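Before any comments, here is the structure.
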Amino acid sequence: IFVINYNLPSSLNIYNDSFVWNNFNAKKDEIAGDAMWGLEKSYDYYKERFGRNSYDNKGHAISVGIHAGRKENLAYWLGIYGRIAIGDGDDSLYDAWGSIDIIGHEFTDGVTETTSDLLYERESGALNESYSDIFGKCIEYYAIPDSFTWGLSEKICLNGQPPYRSFSD
């Protein structure tokens, strides 16, 4: 149900089905393992807690593209295509954006999209992001409760950078 795609081209048309990804990059491709594990745990969390079969409850396959943005701090959900794209991070503030809470967040974007029909704009977009943040942290706690924190992205922070979002207050 999970597919990892390598080395997304910098001129990627994210809505095009003709992805051509190959070439293993050993320095950064531990992110592939992190992303696969995060997807597995996200899937397991929703299956165990809510009886869902994938993000759409129809068993749809999920594809993750790594290296979506070289030196980019980003991760995003690609709607009906069932894809998550992960950037490499800027190597100054953040490492690659494939930590379990971020993968759980993006997976939950898919759950929200297929269950609530919220428009991704203004207040409803903020609700979508909030739900995804919360469930991203729930998935992290489900998978690794002993190292859980209230920061979203804390595992990819470099050089004393604070988490991208924090629920500690």
Side-chain angles (χ1 to χ4, degrees), residues 2-16 19-42 45 55 62-79 81-113 118 120-141 143-144 147-169:
F2 309 121
V3 178
I4 295 291
N5 300 295
Y6 294 95
N7 297 328
L8 298 178
S10 59
S11 60
L12 174 67
N13 176 353
I14 61 173
Y15 300 105
N16 183 343
F19 287 87
V20 179
W21 300 320
N22 53 26
N23 300 325
F24 190 77
N25 176 345
K27 179 178 182 270
K28 283 286 192 175
D29 285 336
E30 66 187 47
I31 190 62
D34 292 346
M36 182 66 80
W37 184 76
L39 278 177
E40 178 185 351
K41 294 303 176 183
S42 298
Y45 174 82
Y55 69 91
I62 303 163
S63 177
V64 174
I66 60 173
H67 312 309
R70 273 95 174 158
K71 301 292 182 185
E72 297 286 335
N73 297 321
L74 59 84
Y76 50 93
W77 171 252
L78 298 169
Y81 300 98
R83 295 182 177 143
I84 295 172
I86 299 169
D88 285 342
D90 61 11
D91 289 330
S92 174
L93 301 176
Y94 299 102
D95 202 357
W97 281 60
S99 64
I100 188 165
D101 51 356
I102 293 172
I103 297 294
H105 170 108
E106 299 306 330
F107 189 99
T108 302
D109 279 346
V111 173
T112 303
E113 180 182 70
L118 289 174
Y120 193 78
E121 59 186 43
R122 298 188 178 118
E123 291 87 357
S124 57
L127 286 171
N128 183 330
E129 285 299 301
S130 298
Y131 295 144
S132 295
D133 285 349
I134 292 165
F135 278 98
K137 295 310 294 183
C138 289
I139 291 165
E140 178 183 349
Y141 184 76
I144 47 174
S147 67
F148 176 81
T149 71
W150 289 107
L152 183 72
S153 79
E154 79 285 355
K155 290 176 179 51
I156 65 165
C157 293
L158 301 173
N159 302 318
Q161 177 68 15
Y164 193 71
R165 295 190 181 107
S166 176
F167 299 98
S168 62
D169 183 3

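Heavy atoms only: backbone and side chains are in, while hydrogens, waters and symmetry mates are out. This structure is a prediction, so every number in the text was calculated from the model and none was measured.
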Checking Asn73 side chain against Asp90 main chain: does a donor-acceptor pair fall under 3.5 Å?
yes
What's the spacing between Ile100 CD1 and Asp34 CG if we round to 0.5 Å?
9.5 Å
Considering residues at least two apart in sequence or located in another chain, which fulfil the ring pair (Phe, Tyr, Trp, His ring centres under 6.0 Å) criterion with Trp37?
none
Tyr141 atom OH, over 12 foreign heavy atoms within 6.0 Å:
no
Residues forming a side-chain hydrogen bond (donor to acceptor under 3.5 Å, both in side chains) with Ser92, sequence neighbours excluded:
none
More than 12 heavy atoms of other groups within 6.0 Å of Glu121 CD
yes
Measure the CE-CD1 distance between Met36 and Ile62 for me, rounded to the nearest 0.5 Å.
10.0 Å
What residues form a side chain to side chain contact (heavy atoms under 4.5 Å, CB included) with Gln161, not counting sequence neighbours?
Leu93, Tyr94, Cys157
What distance do His105 atom NE2 and Ser99 atom OG have between them, rounded to the nearest 0.5 Å?
11.0 Å
Tyr120: partners by ring pair (Phe, Tyr, Trp, His ring centres under 6.0 Å), with sequence neighbours left out
none
Asn128 and Leu118 have their tightest heavy-atom pair at N-CD1, 4.1 Å
For Ser124, the side-chain hydrogen bond (donor to acceptor under 3.5 Å, both in side chains) test, sequence neighbours excluded, returns none
Taking side-chain hydrogen bond (donor to acceptor under 3.5 Å, both in side chains) as the test, write out the residues that go with Thr108, two or more places apart.
Tyr46
Can you tell if the side chain of Phe135 reaches within under 4.5 Å of the side chain of Tyr45, non-hydrogen atoms only?
yes
Quick one: list whatever passes ring pair (Phe, Tyr, Trp, His ring centres under 6.0 Å) with Tyr131, sequence neighbours left out.
none
I'd like to know whether Trp97 forms a side-chain contact (heavy atoms from CB on, under 4.5 Å) with Leu74, so could you lay out the CA-CA distance, the side-chain angles of the two residues, the decisive distance to 0.1 Å, and finally the verdict.
CA-CA 6 Å; Trp97 281 60; Leu74 59 84; 5.8 Å; no
Verify, without hydrogens or angle tests, whether Asp101 (side chain) and Ser153 (backbone) share a donor-acceptor contact under 3.5 angstrom.
yes
Could you tell me which residues satisfy side-chain hydrogen bond (donor to acceptor under 3.5 Å, both in side chains) with Glu140, sequence neighbours excluded, listed by chain and number?
Lys137, Lys155
Which heavy atom in Ser42 sits nearest to a heavy atom in Gly104, and how many Å separate them?
OG-CA, 3.4 Å
Heavy atoms of Phe167 and Ile134 approach each other most closely as CZ-N, 4.3 Å
So OG of Ser147 and CD of Glu154: to nearest 0.5 Å the spacing works out to 8.0 Å
Between the CG atom in Leu39 and the CD1 atom in Ile139, the distance rounded to the nearest 0.5 Å is 9.5 Å
Between atom CD of Glu113 and atom CG of Leu78, what is the distance when rounded to the nearest 0.5 Å?
10.0 Å
CA sep, side-chain torsions, deciding dist, call: Ile86, Ile102, side-chain contact (heavy atoms from CB on, under 4.5 Å):
CA-CA 9 Å; Ile86 299 169; Ile102 293 172; over 6 Å; no
